[in-house]
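What you see below is based on every heavy atom in this structure, not just the backbone, and it leaves out hydrogens, waters and symmetry mates. Fair warning: this is a prediction, and the values are worked out from it, not measured in the lab.
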Amino acid sequence: VFSENPSARANFPGGITISRVYNTLDVISQAPRPELHFSCSEADALVNTAEVFTVVPVGEIYIRPRQTGDTIRLPGGTKSIKKLFIDRKIPASERNHIPILVDSLGILAVGGIGINLQRSTTELPAWQIRFIENI
């Protein structure tokens, strides 16, 4: 509770876990994580939001968790995914549950954050991809 680290957690008897995220203490829910999917359709317009974006993927596309060395280019410049999550104060316990959409060339987008500007397109034909959350 009094550590200088921004986040920590401790396990207690009875399956209870208390988590500190910055200045807040929480009981971590044992509820299952939502299942994440994405849809892909031919784009009729260029859309780039945190959950919907337009790209020209190369090879297969799939969702995975973050990996060491991942980077993304956003309007403010290129940043590691790790640093991005820290800057946005995303709790450490949640970081591996944020979907990273990739193809054979690398990261296309990060769920809830947006498209990798290195992979955005300004021309059609392209694909519109939408993150979908199912519980």
* To do: May I ask you to decide whether R64 forms a salt bridge with D70, counting only side-chain N to carboxylate O separations under 4.0 Å?
  => yes
What heavy-atom pair brings [X] and [Y] nearest, and what distance separates the two atoms?
X    : Y    : result
P57  : I61  : CB-CG2, 3.5 Å
P99  : I63  : CB-CG2, 3.6 Å
V56  : A126 : CG2-CB, 3.9 Å
I129 : C40  : CG1-SG, 4.0 Å
L46  : T122 : CD1-O, 3.5 Å
I81  : I100 : CG2-CD1, 4.4 Å

Are side-chain heavy atoms of [X] and [Y] found at a separation under 4.5 Å?
X   : Y    : value
V55 : S120 : no
T71 : T78  : yes
R88 : I113 : yes

Atom pair [atom1] ([X]) and [atom2] ([Y]), whose distance is rounded to the nearest 0.5 Å:
X    : Y    : atom1 : atom2 : answer
K82  : Q67  : NZ    : CD    : 14.5 Å
L84  : L74  : CG    : CG    : 6.0 Å
T54  : L108 : OG1   : CG    : 11.5 Å
N96  : I90  : CG    : CD1   : 11.5 Å
H37  : I132 : NE2   : CD1   : 8.0 Å
I115 : E51  : CD1   : CD    : 13.0 Å

* **Full working for side chain to side chain contact (heavy atoms under 4.5 Å, CB included) between L105 and V58** => CA-CA 7 Å; L105 295 180; V58 175; 3.5 Å; yes
* Just do the side chain to side chain contact (heavy atoms under 4.5 Å, CB included) check on R119 and I107 with the steps written out, would you? => CA-CA 8 Å; R119 301 300 306 280; I107 294 175; over 6 Å; no
* To do: For residues 53-82, pull every pair meeting ring-ring contact (aromatic ring centres under 6.0 Å, His included), keeping only residues two or more places apart or in separate chains.
  => F53-F131
* Asked: Does anything in residues 104-129 pair up under ring-ring contact (aromatic ring centres under 6.0 Å, His included), and if so which pairs, sequence neighbours excluded?
  -> none
* Asked: With sequence neighbours left out, what residues match S41 under side chain to side chain contact (heavy atoms under 4.5 Å, CB included)?
  -> Q128
* Check for a donor-acceptor pair, side chain of N116 on one end and backbone N or O of I72 on the other, with a separation under 3.5 Å. => no
